[in-house]
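The basis for the numbers below is simple: all heavy atoms, side chains too, and nothing from hydrogens, waters or symmetry mates. Counting begins at 1 with the first residue of the sequence.
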Amino acid sequence: MIFVFAMMGCSNASDLLLYQKDKVLPYILVEDKRADHAGKIFKDLFKQATGTELEILSQARDFSGQPEIKLALNDDKKDHFLIQGTQDKLLINGSFPEDLEQGIYYLFEHIIKLDSIQVNQKKGSPLTEIKLPKNLLLKSEEVMAFHYREPYFPINATKAFQQRFNTNSLENSWGLWGHNIGKFIPLQEDMYALVDGKRNPEQIDFSSPSLETALTFQINKSLTEDPNKRRFMIMPNDNALVCTCDACVKAGNTKTNSSPAVLKLINKLALVFPEAIFFTSDYLSSSMPIAQKMPINTGVMISTMDFPKGIVLKGSKHEAGIKDRFKKWSEIINHIYIWDYAINFDNYMDAHPTLLIQQENLRFYKDLGVTGVFMQGNEDSYSAFENLKASIYAQLMENLDLDIPKAINKYLQHFSDEHGKFVADYYLQINQRALQNKNPLDIYGGVRPALKKYLKQDELQKFYKDLSLAGKDIDPSFRDELFKLKISVLFQLLELARTNGLADNGYGIYDFNLQQDRINEDLKSQFSVLKKLIELTDLEIYNESNARFADYFKNWEELIFNKPYSNLLYGQGLTIKSKLDEEYDDPNMLTDGAIGFEDYYNNWMICTQDNLSIQFPINHKISGKRTLEITFLIDRRHRLDLPQGIQVQYDGKSPVIKQEFSANSEKLKRVTYKFPLNITPEDKILSITILKQSQSGFACDEIILN
């Protein structure tokens with residue numbers, strides 16, 4: 001014991017020598033059984049850091065020269081942890097078991113720096129000493145940007161990632177999430193919303209006594225089984241229907257506003273379960289806060305879906321409106337979380353480089369009172385740079401002043417100094433360009449928005465070559481990342497080629513002598529490589545709609561490689577005589593050889609505002625007996641259906657074709673119609689009018705005349 005005192009005396013009198021191999025060994029004190037799991041976490045992380053096992057005790061030892069690590073819970077019911085060190089004790093305190101555990105993770109990540117230790121362990125060098133700084137006092141509200149932090153990518157579902165980056169997860173933190181009340185409890189008829197005088201099973205009556213009773217029972221059961229799952233989302237189903245029964249109307253509901261009844265129920269549940277947090281959503285019918293102040297353990301999840309994407313919000317024309325929205329909620333509710341988005345959900349292979357933009361936006365949200373962030377990436381499959389993004393977002397949610405370039409380089413060099421650098425250089429370059437470019441970058445869309453924002457085809461080609469040359473003598477986990485990254489880049493190169501059509505950098509060129517296209521052989525080679533790489537992986541889908549690589553390859557083969565493009569209208573001028581949608585105002589896309597696949601976001605002209613009226617000048621090349629071919633996309637998920645009909649006429653005379661289209665029951669399909677024409681040399685103008693249905697838009701692609 002005298003020797004131990006001497007060793008401790010050698011250090012600064014204010015420091016805490018927590019551990020020294022073979023000389024100083026602490027013990028863990030857990031007096032509250034609710035903190036038992038936290039004790040096991042501390043013991044496990046300590047062993048990872050030092051290779052040494054610690055004892056867990058339920059009572060303090062008489063002073064023995066052993067430093068004490070006390071893990072405790074308080075009863076103030078606030079979202080926080082506290083870490084405090086004295087000369088012989090370390091206290092980690094949390095309001096809830098989850099907070100206590102996050103305090104432990106913070107200690108090992110930022111003070112003991114377990115990540116660096118784990119790297120060294122590969123070289124056989126665990127820590128032989130842990131000395132904590134003098135006057136150690138860390139409060140979560142001072143060292144963590146947000147209390148709730150979830151980068152929703154597949155890797156965040158792993159225990160190792162959650163421990164390393166101190167993140168939350170839906171599976172571990174929520175008893176009830178999203179539009180899932182019907183899965184949480186069995187719904188009965190008297191719990192259905194009264195809509196237009198009838199009970200409707202598609203929506204919920206939040207004033208139903210049976211609903212309140214069932215939720216109370218199930219919430220109590222959930223909290224008993226796992227106290228860490230203390231967040232509950234009480235929100236309407238995913239539609240705009242609202243219950244207008246007598247009780248809901250008395251609460252304040254209208255035909256478009258369900259917030260009064262929803263918040264009234266949340267108020268009741270929050271008072272019954274003070275240890276839980278009950279959330280509503282700012283979404284569709286529940287987006288209007290009431291005037292009444294809510295209990296301290298209530299919150300709102302605000303979706304940023306309708307905010308502009310890919311731009312810095314502070315200083316933009318949208319700033320005032322967004323501020324007002326957050327202000328109204330902050331006046332009545334304590335916890336404000338945001339549901340934000342990190343990828344292109346129509347194309348998981350798109351790099352969607354918005355990290356630097358999102359850093360500024362997260363600062364903006366923090367200033368508006370946001371305390372939690374759910375950053376949605378891909379739920380499954382793979383998205384470009386997904387693990388890197390998850391890592392950076394996890395760190396940003398802790399520290400908004402994170403040096404992102406440094407963090408990106410550190411992450412990639414952790415796997416490979418040699419190969420990590422060119423990946424980091426490219427990814428940083430496109431993130432910086434995206435930050436500087438003021439164009440939006442939506443979370444749903446094709447390649448063209450990316451070209452306007454950050455993407456350069458020559459840079460992407462060079463990046464693909466660098467990936468192809470990357471050696472095999474690298475960390476296996478990084479090799480897998482490089483492999484999938486190569487898939488994403490090849491996919492993007494193919495997307496660029498098909499959207500460029502028969503223009504520069506397209507899939508081929510148009511031979512006017514042969515009156516058909518000639519395919520780029522290099523592109524065929526890249527297509528073959530991508531197809532083989534996909535066969536070697538478990539990847540099947542490439543977007544949120546579950547579009548399959550197999551169908552994508554089939555489209556390429558059937559619509560481009562095996563079907564020569566021939567069109568007398570290619571390169572001919574045309575005039576649009578109707579109002580076009582804002583993002584689909586280039587008439588040339590109807591005759592450019594860029595073929596629309598079974599996706600709405602590339603190569604289709606989408607018309608939702610007006611009929612489509614087109615005119616072509618008639619010359620000797622197109623006169624004679626011809627066939628007019630027009631293709632449409634049925635995609636009911638995106639409210640695109642067949643048009644009502646079509647009219648074709650010459651020189652404004654009576655239509656030579658006037659045909660209505662019958663409804664098609666399929667949800668997703670390309671449909672091509674062919675019409676015979678007899679164009680005389682006297683005809684001057686060919687007019688085509690496509691008639692829009694009143695309730696839906698339509699997508700039109702190539703107009704072909706042969």
Practice prompt. Please identify each residue that fulfils side chain to side chain donor-acceptor pair (under 3.5 Å) with K221, with sequence neighbours left out.
Written response: E225
Discussion item. Among residues at least two apart in sequence or on other chains, which ones pass ring pair (Phe, Tyr, Trp, His ring centres under 6.0 Å) with F364?
Written reply: none
Worksheet entry | Ion pair R325/D306, N-O distance below 4.0 Å | yes
Item to complete: Would you check if P67 and L17 make a side-chain contact, meaning some heavy-atom pair closer than 4.5 Å?
Response: no
Worksheet item: Which pairs count as side-chain hydrogen bond (donor to acceptor under 3.5 Å, both in side chains) when at least one residue sits in residues 263-273, sequence neighbours excluded?
Response: E212-K268
Worksheet entry | With sequence neighbours excluded, residues passing ring pair (Phe, Tyr, Trp, His ring centres under 6.0 Å) with F153 | none
Fill in: Partner residues of D36 under the salt bridge (charged side-chain N to carboxylate O under 4.0 Å, His left out) criterion, sequence neighbours left out
K33
Worksheet item: Just by distance, with hydrogens left out, do N378 and Y152 show a side-chain donor and acceptor under 3.5 Å apart?
Response: no
Worksheet item: With A240, which residues qualify under side chain to side chain contact (heavy atoms under 4.5 Å, CB included), at least two apart?
Response: none
Fill in: Electrostatic pair R230-D99, nearest N-O below 4.0 angstrom
yes
Worksheet item: For Y382, what residues pass the ring pair (Phe, Tyr, Trp, His ring centres under 6.0 Å) criterion, not counting sequence neighbours?
Response: none
Practice prompt. Would you tell me whether E98 and S173 have side-chain atoms, one donor and one acceptor, within less than 3.5 Å of each other?
Written response: yes
Worksheet item: For N546, what residues pass the side chain to side chain contact (heavy atoms under 4.5 Å, CB included) criterion, not counting sequence neighbours?
Response: I541
Practice prompt. Please examine the side chains of L137 and I83, heavy atoms only from C-beta on, and report whether any two atoms are closer than 4.5 Å.
Written response: no
Worksheet item: Quick one: side chain to side chain donor-acceptor pair (under 3.5 Å) partners of Y444, sequence neighbours excluded?
Response: E544
Practice prompt. With ring pair (Phe, Tyr, Trp, His ring centres under 6.0 Å) as the test, would you mind laying out the steps for H179 and Y283 before giving the verdict?
Written response: CA-CA 11 Å; H179 310 277; Y283 181 73; 5.7 Å; yes
Discussion item. Less than 4.5 Å apart, side chain to side chain, heavy atoms only: is that true for E360 and R363?
Written reply: yes
Discussion item. Can you tell me which residue among W329, F232, Y337 is in a ring-ring contact (aromatic ring centres under 6.0 Å, His included) with F279?
Written reply: Y337
Item to complete: Indicate yes or no: at least one non-hydrogen side-chain atom of Q163 is less than 4.5 angstrom from one of L45.
Response: yes
Item to complete: Answer yes or no: does atom NZ of K328 have more than 12 heavy-atom neighbours from other residues, nucleotides or ligands under 6.0 Å?
Response: no
Worksheet item: With a cut-off of 6.0 Å (strictly less than), are more than 12 heavy atoms of other residues, nucleotides or ligands near CD of E129?
Response: yes
Practice prompt. Check ring pair (Phe, Tyr, Trp, His ring centres under 6.0 Å) between W177 and all other residues, then give those that pass, not counting sequence neighbours.
Written response: W174, W339, F374
Item to complete: Could you pull out all residues at least two apart from S259 that satisfy side chain to side chain contact (heavy atoms under 4.5 Å, CB included)?
Response: N257, L263, S286, M288
Item to complete: With the side chain counted from C-beta on, respond yes when V24 and L18 share a heavy-atom pair under 4.5 Å apart, and no when they do not.
Response: no
Worksheet item: Looking only at side chains, do E150 and Y148 share a donor and an acceptor under 3.5 Å apart?
Response: yes
Worksheet item: Do L90 and L107 have side chains that get closer than 4.5 Å, going by heavy atoms?
Response: yes
Practice prompt. Would you check if I443 and I343 make a side-chain contact, meaning some heavy-atom pair closer than 4.5 Å?
Written response: no
Discussion item. Any donor-acceptor pair under 3.5 Å linking the side-chain atoms of S381 with those of Y348?
Written reply: no
Discussion item. Is there a side-chain contact between F81 and N93 in this structure, where contact means two heavy atoms from C-beta onward sitting under 4.5 Å apart?
Written reply: no
Fill in: N239 side chain to Q203 side chain, donor-acceptor N/O pair below 3.5 angstrom
yes
Item to complete: Sequence neighbours left out, what passes side chain to side chain contact (heavy atoms under 4.5 Å, CB included) with N387? Give chain and number order.
Response: I155, Y411, E481
Discussion item. For the CD atom on E331, are there more than 12 heavy atoms of other groups (residues, nucleotides or ligands in this structure) within a distance under 6.0 Å?
Written reply: yes
Worksheet item: Just checking, is any N or O donor in the side chain of N166 or Q162 under 3.5 Å from an acceptor N or O on the other one?
Response: no
Worksheet item: Within 45 degrees of the axis of the six-membered ring of F108 and under 6.0 Å from its centre: does K113 put its NZ or CZ there?
Response: no
Worksheet entry | Between Y105 and H110, ring centroids under 6.0 Å | no
